[in-house]
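Source: prediction; values computed, not measured. We're numbering straight along the sequence, starting at 1. The figures here come from the full heavy-atom set of this structure, side chains too, leaving out hydrogens, waters and symmetry mates.
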Amino acid sequence: MNGELPQAAANVKHIWDRRLKQESPLHGPLTLVYATAPMFVDPYRPHAQRAVMIQEPHPNNAAVLARVQQRVDFHTPFVLENARQDVWNAVELDRV
């Protein structure tokens, strides 16, 4: 083992680390990423506006969640840390 955590313990640690980051309003900086339109193309409908991915930097969780609650032109939003680790996924942000 050489001082390493067993895989199950490492998975639990990852889950709790992520949850604690979500709970802290001052955790940051973070990047909100979202699409301006749905990312799928419906072959049975006229082509609408093409989706564009937007990245918005925010200083902390509180700022990101305030922005998400505005819900203007958001499709499939998620939040990343600067290390590109996910903090919030679309399903979690939908519950905010």
Side-chain angles (χ1 to χ4, degrees):
M1 271 212 167
N2 301 332
E4 295 180 16
L5 289 174
Q7 186 61 41
N11 289 343
V12 169
K13 180 186 179 307
H14 173 73
I15 290 168
W16 276 106
D17 283 346
R18 190 168 174 271
R19 183 67 180 149
L20 290 173
K21 290 174 186 177
Q22 290 176 342
E23 291 290 326
S24 172
L26 299 178
H27 178 72
L30 302 171
T31 302
L32 172 63
V33 181
Y34 61 92
T36 58
M39 296 298 288
F40 62 90
V41 177
D42 186 347
Y44 302 106
R45 293 190 175 204
H47 294 295
Q49 174 187 2
R50 294 200 184 261
V52 176
M53 294 293 285
I54 305 291
Q55 294 185 17
E56 293 180 0
H58 292 276
N60 55 38
N61 251 339
V64 167
L65 295 180
R67 175 69 173 102
V68 168
Q69 288 175 340
Q70 294 173 359
R71 300 255 188 233
V72 178
D73 294 331
F74 273 32
H75 295 273
T76 321
F78 59 96
V79 177
L80 300 173
E81 290 182 289
N82 282 350
R84 300 296 181 217
Q85 296 293 323
D86 69 315
V87 177
W88 296 90
N89 62 36
V91 174
E92 293 165 332
L93 288 172
D94 210 25
R95 297 181 195 147
V96 172

Exercise: identify the closest heavy-atom pair between Ala37 and Ala51: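 Heavy atoms only, the tightest pair is O-CB, 3.4 Å.
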Met53 to Val33 - nearest heavy-atom pair and separation: CE-CG1, 3.5 Å
Side-chain heavy atoms of Val12 within contact of Gln7, under 4.5 Å: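 No; the side chains remain at least 4.5 Å from each other.
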Residue pair His27 / Gln22, side-chain donor-acceptor N/O under 3.5 Å: no
Donor-acceptor pair between Tyr34 and Gln55 side chains, under 3.5 angstrom: no
Just verifying a value: how many Å separate [X] [atom1] and [Y] [atom2], rounded to the nearest 0.5 Å?
| X | Y | atom1 | atom2 | value |
| --- | --- | --- | --- | --- |
| Asp86 | Leu30 | CG | CG | 11.5 Å |
| Gln69 | Leu93 | CD | CG | 10.0 Å |
| Leu80 | Gln85 | CG | CD | 9.0 Å |
| Asn60 | Leu65 | CG | CG | 9.0 Å |
| Phe78 | Thr31 | CZ | OG1 | 9.5 Å |
| Leu32 | Phe74 | CG | CZ | 4.5 Å |

Salt-bridge present (Arg19, Glu92; N to O < 4.0 Å):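 Looking at Arg19 and Glu92, the cut-off is not met.
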Asp17 with Lys13: basic N within carboxylate O range, under 4.0 Å: yes
Path from Val79 to Ile54 over hydrophobic side-chain contacts below 4.5 Å: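 Yes: a chain of side-chain contacts under 4.5 Å links Val79 to Ile54.
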Asn61 side chain to Lys21 backbone, donor-acceptor under 3.5 Å: yes
